[in-house]
Number of protein chains: 2
Amino acid sequence: MTDIKPPPPHAGHFHEGQLREAIEMLFFAYRDFTSEPDALLAGQGFGRAHHRVIYFVGRHPGMTVSELLGILRITKQSLARVLRELVDQGFVAQAPGERDKRQRRLSLTSKGLAFERALTERQLTRIAKAYAAAGPQAVEGFRKTLLAITDDPSLGRKGMS
Amino acid sequence: MTDIKPPPPHAGHFHEGQLREAIEMLFFAYRDFTSEPDALLAGQGFGRAHHRVIYFVGRHPGMTVSELLGILRITKQSLARVLRELVDQGFVAQAPGERDKRQRRLSLTSKGLAFERALTERQLTRIAKAYAAAGPQAVEGFRKTLLAITDDPSLGRKGMS
DNA sequence: GTTTTATGTCAGTCATGTTGACATTTTGCC
DNA sequence: GGCAAAATGTCAACATGACTGACATAAAAC
């Protein structure tokens with residue numbers, strides 16, 4: 001009585017079991033995917049929040065604090081602590097904007113760049129192995145489906161200029 | 001000098017840009033995917049940890065605490081707080097094992113079952129839409145690739161019986 | 001010249017994870 | 001029968017990363 005459920009009327013033409021499999025795959029994949037850089041981060045007294053900042057600043061050198069907040073979707077108070085530690089310890093550099101001097105343009109120092117590579121390398125390797133094992137056609141389906149799961153793939157990444 | 005990097009020697013036959021796209025897609029998809037049930041959870045004074053417990057107990061009625069700990073990969077102390085709240089508020093039931101009376105077999109009450117459906121429905125709908133939009137072939141690639149990203153797809157789910 | 005924007009900061013709180021130590025009940029083995 | 005191991009619970013202390021609310025400053029924009 002507790003495990004046989006009628007399919008919900010809005011589930012489209014997929015079985016609920018297939019959809020639940022996706023829920024669980026996302027949970028397990030993300031858990032494993034994020035677990036690797038943690039040892040490296042812990043060695044520096046950092047956490048995942050630091051990784052995210054380092055990653056996106058490395059990806060978008062010269063980005064503003066506002067842009068970073070838009071990507072991470074956290075409050076500026078949450079970001080402030082993490083960012084201050086990274087700046088104080090010489091991983092991230094801040095520079096006033098040229099046109100708009102209120103902005104603090106963010107970039108990685110060479111120390112930050114080296115750390116970013118060490119952190120991201122583990123994840124790149126994991127993805128590379130998975131992509132190679134799955135094959136190009138599966139990767140295309142992976143990309144297409146994952147983007148469809150995301151709220152709006154264009155926002156929060158490059159859309160906010 | 002900061003954004004042109006040579007491809008790492010171990011990245012296989014995919015460009016680093018493609019691999020970084022995957023890193024970012026996983027981040028954004030998972031963030032959006034987990035964001036929806038939060039309002040519902042907050043209304044009960046719960047968080048994501050409660051959702052995970054409710055989800056997996058609903059998925060595996062009669063599971064033991066050890067099995068749940070193995071899936072979630074958190075400490076028993078972390079689980080204890082969440083589980084106690086769910087039991088106290090009548091979402092989860094505990095029953096001693098028949099053969100092994102040390103065990104507390106976990107299951108959802110009818111109240112818990114109703115809440116599980118309300119919570120999971122949002123995520124099922126999201127996946128169903130994405131699957132429908134992407135098509136069966138893309139879904140197959142999605143599954144294959146996501147499983148390859150996961151450490152060992154057989155462990156931590158059904159393999160520990 | 002006033003308002004808005006970009007950013008920083010202080011203070012308090014909450015959710016969720018951790019480690020370490022210890023208690024209880026039951027099982028399983030000699 | 002008795003003792004070790006297992007399944008679970010619990011207390012205490014702590015770290016991380018999120019939140020809200022309030023206020024401060026400098027620069028840009030109208």
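Lettering follows sequence order; numbering is per chain, from 1. On a predicted model such as this, the values are computed, not experimentally measured, just so you know.
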* To do: Indicate yes or no: does Asp100(A) engage Arg105(A) in a salt bridge with an N to O separation below 4.0 Å.
  => no

* Answer yes or no: side-chain N or O of Gln77(B) and base N or O of dG20(C) forming a donor-acceptor pair under 3.5 Å. => yes

* Asked: Can a side chain N or O of Arg84(A) be found less than 4.0 Å away from OP1 or OP2 on dT9(C)?
  -> yes

* Asked: How long is the line joining NZ of Lys101(A) and C1' of dA29(D), in whole Å?
  -> 15 Å

* To do: Answer yes or no: side-chain N or O of Arg102(A) and base N or O of dT5(C) forming a donor-acceptor pair under 3.5 Å.
  => yes

* Short side-chain N/O contact from Ser66(A) to OP1 or OP2 of dT5(C), under 4.0 Å -> no

* Report the nucleotide, chosen from dT16(C), dT26(C), dG17(D), that has the shortest atom-to-atom distance to any side-chain atom of Arg81(A). => dG17(D)

* Hey, does the side chain of Thr75(B) come within less than 4.0 Å of dT18(C)'s phosphate (OP1/OP2), counting only N and O? -> yes

* Residue whose nearest DNA chain C nucleotide is more 5′ - Glu98(B) or Ser78(B) -> Ser78(B)

* Counting just side-chain N and O atoms, does Arg52(B) come under 4.0 Å of either OP1 or OP2 of dG17(C)? -> yes

* What is the ring orientation for Phe56(B) with His60(B), classed by angle as parallel under 30°, tilted 30 to 60°, or perpendicular over 60°? -> parallel

* Any donor-acceptor N or O pair under 3.5 Å, side chains Gln18(A), Tyr131(B) -> no

* Would you state whether a donor and an acceptor, one from the side chain of Lys76(B) and one from the base of dT8(D), lie under 3.5 Å apart? => yes

* To do: Report yes if a side-chain nitrogen or oxygen of His50(B) is closer than 4.0 Å to either non-bridging phosphate oxygen (OP1 or OP2) of dT16(C); otherwise report no.
  => yes

* Asked: Is any NZ, NE, NH1 or NH2 atom of the basic residue among Glu116(B) and Arg20(A) found under 4.0 Å from an Asp or Glu carboxylate oxygen of the other?
  -> yes

